[in-house]
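Report on the structure given below.
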Amino acid sequence: MSNFIDLAVEYLPELFQAALIYTIPLAAISFILGLVVATLVALVRVMHQPEQLLLKWGCRVLKGLAYFYVWIFRSTPMLVQLFIVFYGLPNVNIDVFANAWVSAITVFALNTGAYASETIRASILSVDRGQKEAALATGLTMWQTYQEVILPQAARIAVPPLSNSLISLVKDTSLASVITIVETFYLSQQIAAQNYQTLDMYLLVAFVYAVITTVLTFIQRWLERYTSRYLRDN
């Protein structure tokens, strides 16, 4: 027990530093980009087809591409996606993905976007259709209707599942160790290889992830209360 405490005192600061420098920024950047992708994909999937023939076919193509994107990233493991992007694509002269950070952010963002798009799509569809019709009847454009009426309400509904996605992404960043990014888990492996205290080091890194996810859970609860404040007032 005393040996474990000594290891914790010696290595926990280093592990938390790695989390602040690598794990949290990697998760944050990937999640923000993923949300942008998810919102665009969700809007494409819920938009109504126009009457004009050319626009109708263009809309169908966009919906098909959006569906394929969601399907491919939800149907394959993230670890496989990382290997394809980092180790596979450079072999066909796509050199931008030879950078581990670019590969990791690309995979994490696109994977998050695929799952989050379904959350956002369901949240948009859960808003009463009558509100959309009423907004359009007052003279708002379709974009204004989504911006001012639909998306704010959908955001409140989407906060809990999207927060869960962020928490999952923070833990999934440990997969970046397989493509040589020295994040928290990779660092614990390096230290364990030096001091041969494998179990203790893995318990310490588990503690670091637990602290991060606990903080995010408190932030999630605050966001849920904040976005639902008008409902409580009514």
Side-chain angles (χ1 to χ4, degrees), residues 11 14-42 44 61-62 64-119 162 164-210 212-213 216:
Y11 293 114
E14 192 173 350
L15 292 174
F16 274 111
Q17 183 180 23
L20 291 173
I21 296 176
Y22 299 107
T23 299
I24 293 177
L26 179 59
I29 295 171
S30 300
F31 188 72
I32 292 171
L33 293 177
L35 277 185
V36 173
V37 173
T39 303
L40 294 175
V41 171
V44 167
V61 170
L62 284 177
L65 291 174
Y67 177 84
F68 177 78
Y69 155 69
V70 172
W71 171 78
I72 196 68
F73 277 93
R74 293 180 68 192
S75 302
T76 55
M78 189 185 294
L79 183 61
V80 175
Q81 296 165 12
L82 282 169
F83 270 75
I84 290 174
V85 171
F86 183 67
Y87 294 109
L89 293 182
N91 287 334
V92 292
N93 297 322
I94 304 180
D95 296 329
V96 64
F97 294 110
N99 182 288
W101 273 84
V102 172
S103 295
I105 290 174
T106 299
V107 170
F108 291 150
L110 291 178
N111 194 281
T112 298
Y115 283 93
S117 69
E118 290 296 278
T119 298
L162 289 179
N164 290 333
S165 295
L166 174 57
I167 291 173
S168 296
L169 178 60
V170 169
K171 293 181 289 185
D172 287 339
T173 56
S174 60
L175 294 174
S177 62
V178 303
I179 59 172
T180 71
I181 292 181
V182 187
E183 45 70 61
T184 311
F185 180 62
Y186 190 91
L187 178 61
S188 71
Q189 290 178 306
Q190 289 182 322
I191 296 173
Q194 296 171 2
N195 62 18
Y196 303 105
Q197 302 296 321
T198 305
L199 177 59
D200 291 342
M201 290 309 305
Y202 290 165
L203 288 174
L204 288 177
V205 78
F207 174 75
V208 172
Y209 281 111
I212 296 172
T213 55
L216 290 176

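Atom set for the values below is all heavy atoms of this structure, side chains included, hydrogens, waters and symmetry mates excluded. We count residues from 1, following the sequence as given.
Distance OG1/T213 to NZ/K171: 6.5 Å, rounded to 0.5 Å. Taking OG from S174 and CD from Q189, the interatomic distance works out to 9.0 Å, rounded to the nearest 0.5 Å. In this structure, OG1 on T76 lies 7.5 Å from CG on N111, to the nearest 0.5 angstrom. For the atom pair L110 CG and S117 OG, the distance stands at 11.0 Å (nearest 0.5 Å). With rounding to the nearest 0.5 angstrom, the CD atom of Q81 is 10.0 Å from the CZ atom of F108. In this structure, L204 CG and Q197 CD are separated by 10.0 Å, a value rounded to the nearest 0.5 Å.
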Exercise. For side chain to side chain contact (heavy atoms under 4.5 Å, CB included), just list the numbers for L15 and S188, CA-CA rounded to whole Å, side-chain angles, deciding distance to a tenth of an Å, and then say yes or no.
Key: CA-CA 7 Å; L15 292 174; S188 71; 4.1 Å; yes
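In this structure N99 satisfies the side-chain contact (heavy atoms from CB on, under 4.5 Å) test together with W101, V102, sequence neighbours excluded. With sequence neighbours left out, E118 forms a salt bridge (charged side-chain N to carboxylate O under 4.0 Å, His left out) with R45, R74, R121.
Applying the ring pair (Phe, Tyr, Trp, His ring centres under 6.0 Å) test between W71 and each of F73, F68, Y69 identifies F68 as the sole match. Among the candidates F185, Y209, F207, the single residue satisfying the ring pair (Phe, Tyr, Trp, His ring centres under 6.0 Å) test with Y202 is F185.
Between I179 and S103, the closest heavy-atom pair is CD1-CB, 4.2 Å. Considering all non-hydrogen atoms of both residues, E14 and L187 come closest at O-CD2, 3.6 Å. Nearest approach of V178 to F83, heavy atoms of both residues: CG2-CE1, 3.8 Å. Residues A114 and V70 come closest through the heavy atom pair O-CG1, 3.9 Å. Considering all non-hydrogen atoms of both residues, F97 and L89 come closest at CD1-CD1, 3.6 Å. Taking both residues in full, the closest heavy atoms of I181 and A104 are given as CD1-CB, 3.6 Å, listed atom of the first, atom of the second, then distance.
Donor-acceptor pairing under 3.5 Å is lacking for the side chains of T173 and E183.
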Output side-chain donor-acceptor pairs under 3.5 Å for residues 18-35, partner residues at least two apart or in another chain, one line each.
from, atom 1, to, atom 2, distance (Å)
T23, OG1, T184, N, 3.4
T23, OG1, T184, OG1, 2.6
S30, OG, L26, O, 2.7

